[in-house]
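Just so you know, these numbers use all the heavy atoms, side chains as well, and skip hydrogens, waters and symmetry mates. Fair warning: this is a prediction, and the values are worked out from it, not measured in the lab.
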Amino acid sequence: MRITLITVGKIKEKYLRDAIAEYSKRLSRYCKLEIVEVADEKTPDQASEAAEENIRNKEGERILKHIRDDMYVITLEIGGKMLSSEEFADKINSLGVQGKSSITFVIGGSIGLGQEVLRRSDYALSFSKMTFPHQLMRVILLEQVYRGYRIINGEPYHK
C-alpha cells in the first residue's frame with residue numbers, strides 16, 4: 001500500500017519534525033509513505049471571506065497537482081466522519097481489499113481546504129470537533145495510520 005500525505009506549509013518545530021520522522025520510520029515496514037508539502041499563503045489578520053476563499057483556492061491548486069486519478073483521497077475536515085481507531089484500521093484494510101493501492105490524505109492550511117479539493121475527495125474524515133494546528137495534525141494522523149496497521153496485523157498497541 002502507498003500512503004501519501006499532502007499537506008500545506010512546512011514544519012518549523014523540531015519536536016514535530018522528530019515525531020513525523022519517528023512515525024515515518026515505524027510505518028516503513030507496513031507501507032510506502034510519501035509526504036508532500038505545498039507552499040502556504042500568508043493569511044492577513046481580519047481577512048475577508050473572499051480573501052480567505054482566494055487563499056484556499058491557491059493552496060488547493062497546489063494540492064491538486066499532486067493528486068493522480070488512481071489515488072483514493074481522504075480529506076481531513078472538521079465536518080467529516082469520526083471513526084474509532086479500529087474503524088479507521090478497517091477503512092484502510094478494506095480499501096486495500098478493494099484494490100485501492102494508493103491512499104492520499106490531505107491536510108489543509110490554517111483556514112481549511114478549497115472547494116475543488118473538497119470535490120475531489122473520496123472520503124471526509126474528522127479526528128475531532130476541535131480544531132488542531134495543521135502541523136500537529138500530521139503527527140496525529142501518522143500515529144493513527146501506524147496504529148491502524150498494528151490493528152490490521154493483530155499486533156499489540158496501547159488502548
Side-chain angles (χ1 to χ4, degrees), residues 1-13 15-17 19-21 23-24 27 31-96 98-149:
M1 176 73 70
R2 177 182 198 83
I3 302 284
T4 304
L5 266 64
I6 302 176
T7 63
V8 175
K10 295 206 175 295
I11 301 288
K12 296 167 188 73
E13 298 84 357
Y15 71 96
L16 292 174
R17 286 195 315 264
I20 290 165
Y23 282 111
S24 296
L27 278 166
C31 64
K32 179 156 179 41
L33 176 68
E34 179 184 14
I35 299 175
V36 177
E37 292 179 334
V38 301
D40 57 345
E41 293 286 318
K42 297 291 178 235
T43 305
D45 293 336
Q46 316 284 308
S48 68
E49 180 54 40
E52 287 188 356
E53 186 63 28
N54 188 41
I55 289 167
R56 284 190 290 268
N57 288 338
K58 284 181 181 177
E59 291 173 347
E61 287 173 16
R62 293 179 190 132
I63 290 167
L64 290 168
K65 285 180 184 172
H66 296 280
I67 297 177
R68 298 184 320 269
D69 288 344
D70 66 330
M71 292 175 157
Y72 185 89
V73 178
I74 299 176
T75 46
L76 274 61
E77 305 176 40
I78 290 174
K81 183 162 173 54
M82 285 192 243
L83 303 173
S84 68
S85 293
E86 293 81 6
E87 290 169 330
F88 184 61
D90 286 344
K91 179 76 177 167
I92 291 171
N93 194 42
S94 69
L95 287 170
Q98 294 168 20
K100 307 283 186 201
S101 61
S102 184
I103 302 173
T104 300
F105 293 93
V106 179
I107 302 173
S110 59
I111 59 170
L113 294 166
Q115 287 302 310
E116 289 301 314
V117 175
L118 297 176
R119 276 193 278 282
R120 175 56 184 89
S121 177
D122 295 302
Y123 191 86
L125 177 67
S126 175
F127 277 78
S128 173
K129 290 183 179 182
M130 294 182 215
T131 302
F132 295 101
H134 57 282
Q135 299 93 336
L136 180 60
M137 200 61 230
R138 290 189 212 182
V139 177
I140 295 169
L141 174 60
L142 287 172
E143 188 280 333
Q144 284 298 302
V145 172
Y146 172 70
R147 182 181 298 264
Y149 275 109

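Annotation: side chain to side chain contact (heavy atoms under 4.5 Å, CB included) contacts of Ile78 (sequence neighbours excluded): Thr131. Residues passing the side chain to side chain contact (heavy atoms under 4.5 Å, CB included) test with Asn57, sequence neighbours excluded: Glu53. For Tyr149, the ring pair (Phe, Tyr, Trp, His ring centres under 6.0 Å) partners are Tyr30, not counting sequence neighbours. With sequence neighbours left out, Ser85 forms a side chain to side chain contact (heavy atoms under 4.5 Å, CB included) with Gln144, Arg147, Ile151. Legend: residues meeting salt bridge (charged side-chain N to carboxylate O under 4.0 Å, His left out) with Asp69, ordered by chain and number and at least two apart, are absent.
Rounded to the nearest 0.5 Å, atoms CD1 (Ile3) and SG (Cys31) are 5.0 Å apart. With values rounded to the nearest 0.5 angstrom, Thr4 atom OG1 is found 10.0 Å from Phe105 atom CZ. Distance OG1/Thr104 to CG/Asp70: 8.0 Å, rounded to 0.5 Å. Of the inter-residue distances, the one linking Glu143 atom CD with Tyr23 atom OH reads 4.5 Å to the nearest 0.5 angstrom. Considering CZ of Arg56 and OG1 of Thr43, their distance stands at 9.0 Å, rounded to 0.5 Å. The CE atom of Met71 lies 9.5 Å from the OG atom of Ser101; values are rounded to the nearest 0.5 Å.
Counting heavy atoms from C-beta outward, Ser128 and Ile140 have side chains that stay 4.5 Å or more apart. The shortest distance between side-chain heavy atoms of Leu76 and Ser126 does not fall below 4.5 Å. Between Leu141 and Phe88 the shortest side-chain heavy-atom distance falls below 4.5 Å. By the 4.5 Å heavy-atom criterion applied to side chains, Leu142 and Ile20 are counted as neighbours. By the 4.5 Å heavy-atom criterion applied to side chains, Glu34 and Leu5 are not counted as neighbours. Residues Leu125 and Lys81 form no side-chain contact, since every pair of their non-hydrogen atoms from C-beta on lies 4.5 Å or further apart. Proximity of Met82 to Phe127: side-chain heavy atoms (C-beta onward) are nowhere separated by under 4.5 Å.
Each of Arg62, Arg17, Arg138, Lys12 was evaluated against Glu37; a single residue qualifies, Arg138, per the salt bridge (charged side-chain N to carboxylate O under 4.0 Å, His left out) test.
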Under the side chain to side chain contact (heavy atoms under 4.5 Å, CB included) rule, what do Val145 and Leu27 come out as? Steps first, then yes or no, please.
CA-CA 8 Å; Val145 172; Leu27 278 166; 3.8 Å; yes

Is there a side chain to side chain contact (heavy atoms under 4.5 Å, CB included) between Val106 and Ile67 once you walk through the steps?
CA-CA 10 Å; Val106 179; Ile67 297 177; 4.3 Å; yes

Side chain to side chain contact (heavy atoms under 4.5 Å, CB included) between Ile74 and Ser121, intermediate numbers included:
CA-CA 6 Å; Ile74 299 176; Ser121 177; 5.9 Å; no

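Under a cutoff of 6.0 Å and an axis angle of 45°, Lys91 and Tyr123 form a cation-pi pair.
Under a 3.5 Å cut-off, the side chain of Thr75 and the backbone N or O of Glu77 do not form any donor-acceptor pair. When atom types are taken as modelled, the side chain of Glu59 and the backbone of Glu41 share a donor-acceptor pair closer than 3.5 angstrom.
Across every non-hydrogen atom of Gly148 and Ala89, the tightest pair is O-CB, 3.5 Å. Closest approach of Gly96 to Met1, counting heavy atoms only: CA-CE, 3.5 Å. Residues Glu87 and Leu83 approach most closely at OE1-CA, 3.3 Å, considering heavy atoms.
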Distance-only criterion, 3.5 Å: show the donor-acceptor pairs between side-chain atoms of residues 108-119 and protein atoms not counting sequence neighbours.
unit_1, atom_1, unit_2, atom_2, d
Glu116, OE2, Arg119, NE, 3.4
Glu116, OE2, Arg119, NH2, 2.4

